[in-house]
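Following: one structure in structure tokens, then a few remarks.
Just so it is clear, the model here is predicted, and its values are computed rather than measured. By convention here, the first residue in the shown sequence is residue 1.
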Amino acid sequence: RREEHARTLNEGGLRVTGRADFTAVIHASVDPAELDAELVIVACKGSDLEPLAQRLSGHFPGATVMTVQNGLGAEEVVARHGDWPLLSAVTFMSGTRHGDAHVEYVLDTATWIGPYRATTPADARTVAELIVASGLEAEAYDDLRPAQWSKLIFNATVNTVAALTGL
């Protein structure tokens, strides 16, 4: 979403340390028209979701779009901006951002994926297998709603305690 961020990633790739140690070659752009994808993963802060979905509108006609958001309702926001087949996902995976081109991979847990619009459990399994083949954890579900509620309840509990205690 920032020119300087895209430039940094294009020049040196994305360095991942922590639970893994590698540098990935990246083709980054702030203009979706410059990118081509079969799978578009929308993973952002909730307040950035609507503007990001608007920017994707009219792009990636042959792609499946997968939201990876905390809470509920991200799929509906993205669906308003395109007729892509949609998958939904939640994750506990986390890391520490050390800069535009360096993240420390901290928490190695599964991303949970399920069908949403014009997708099937088999599509969710295919994406989960792709993620697992890359060395990360993923699980496909026929119905993601229970997993989404589980993550929502977890965040409501943990984030409240963390905010109150400063931990």
Side-chain angles (χ1 to χ4, degrees), residues 1-16 20 22-95 97 100-101 103 105 108-149 151-152:
R1 74 187 167 109
R2 294 179 290 116
E3 284 284 347
E4 65 275 10
H5 190 191
R7 186 173 37 260
T8 300
L9 289 169
N10 285 328
E11 290 170 357
L14 175 64
R15 180 172 173 231
V16 176
F22 63 90
T23 299
V25 175
I26 302 288
H27 174 71
S29 176
V30 296
D31 182 359
E34 294 180 5
L35 302 171
D36 184 35
E38 293 177 31
L39 175 66
V40 175
I41 300 172
V42 176
C44 63
K45 295 292 184 187
S47 58
D48 293 332
L49 183 59
E50 180 71 32
L52 176 57
Q54 286 175 352
R55 289 183 66 196
L56 295 177
S57 182
H59 300 285
F60 309 110
T64 296
V65 175
M66 180 172 79
T67 63
V68 183
Q69 304 294 134
N70 292 330
L72 303 169
E75 306 89 350
E76 290 88 356
V77 172
V78 172
R80 287 195 301 264
H81 298 283
D83 61 357
W84 311 279
L86 294 173
L87 290 168
S88 183
V90 294
T91 191
F92 283 92
M93 183 187 312
S94 67
R97 182 182 177 276
D100 279 350
V103 294
Y105 183 23
D108 185 24
T109 56
T111 296
W112 301 330
I113 305 165
Y116 186 73
R117 177 180 73 187
T119 56
T120 66
D123 297 321
R125 283 191 297 278
T126 298
V127 172
E129 290 166 3
L130 176 66
I131 292 170
V132 169
S134 77
L136 301 173
E137 301 290 326
E139 297 174 24
Y141 290 84
D142 291 351
D143 178 7
L144 193 66
R145 268 310 172 197
Q148 287 174 306
W149 276 104
K151 177 71 186 281
L152 182 65

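The minimum heavy-atom distance between Ala128 and Ala138, with the atom names listed, is O-CB, 3.7 Å. Nearest heavy atom pair, residue Leu144 against residue Val90, reads CD2-N, 4.3 Å. For the residue pair Ala124 and Gly114, the shortest heavy atom distance occurs at CB-CA, 3.9 Å. Considering every non-hydrogen atom in both Arg117 and Gly82, the closest pair reads NH2-O, 2.6 Å.
We find that Arg7 and Asp100 are not joined by a salt bridge, their nearest charged nitrogen and carboxylate oxygen being 4.0 Å or further apart.
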- Message: Under the criterion side chain to side chain contact (heavy atoms under 4.5 Å, CB included), I'd like the reasoning laid out for Tyr116 against Glu76: C-alpha separation, chi angles, the key distance, then a yes or no.
- Response: CA-CA 10 Å; Tyr116 186 73; Glu76 290 88 356; 3.1 Å; yes
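Between the CG atom in Asn10 and the NE2 atom in His5 there is a gap of 10.0 Å [rounded to 0.5 Å].
Although no hydrogens or angles enter the test, the distance criterion places a donor-acceptor pair under 3.5 Å between the side chain of Thr91 and the main chain of Met93. A donor-acceptor pair is defined here as one N or O able to donate and one able to accept, closer than 3.5 Å; such a pair exists between the side chain of Trp84 and the backbone of His59. Checked by atom type and distance alone, the side chain of Arg125 never pairs as donor or acceptor with a backbone atom of Tyr141 at under 3.5 Å. With Ser57 contributing its side chain and His81 its backbone, the two residues share a donor-acceptor pair below 3.5 Å.
Defined by atom type and a distance below 3.5 Å, a donor-acceptor pair is present between the side-chain atoms of Ser88 and Gln148. Side-chain N/O atoms of Asp123 and Thr120 include a donor and acceptor closer than 3.5 Å.
Other residues, nucleotides and ligands contribute over 12 non-hydrogen atoms within 6.0 Å of the CG atom of Asp31. By the neighbour-count criterion of 12 heavy atoms within 6.0 Å, atom CD of Glu38 is sparsely surrounded, having that number or fewer from other residues, nucleotides or ligands.
Residues meeting the side-chain contact (heavy atoms from CB on, under 4.5 Å) test with Pro85, sequence neighbours left out: Thr64, Ala118, Thr119.
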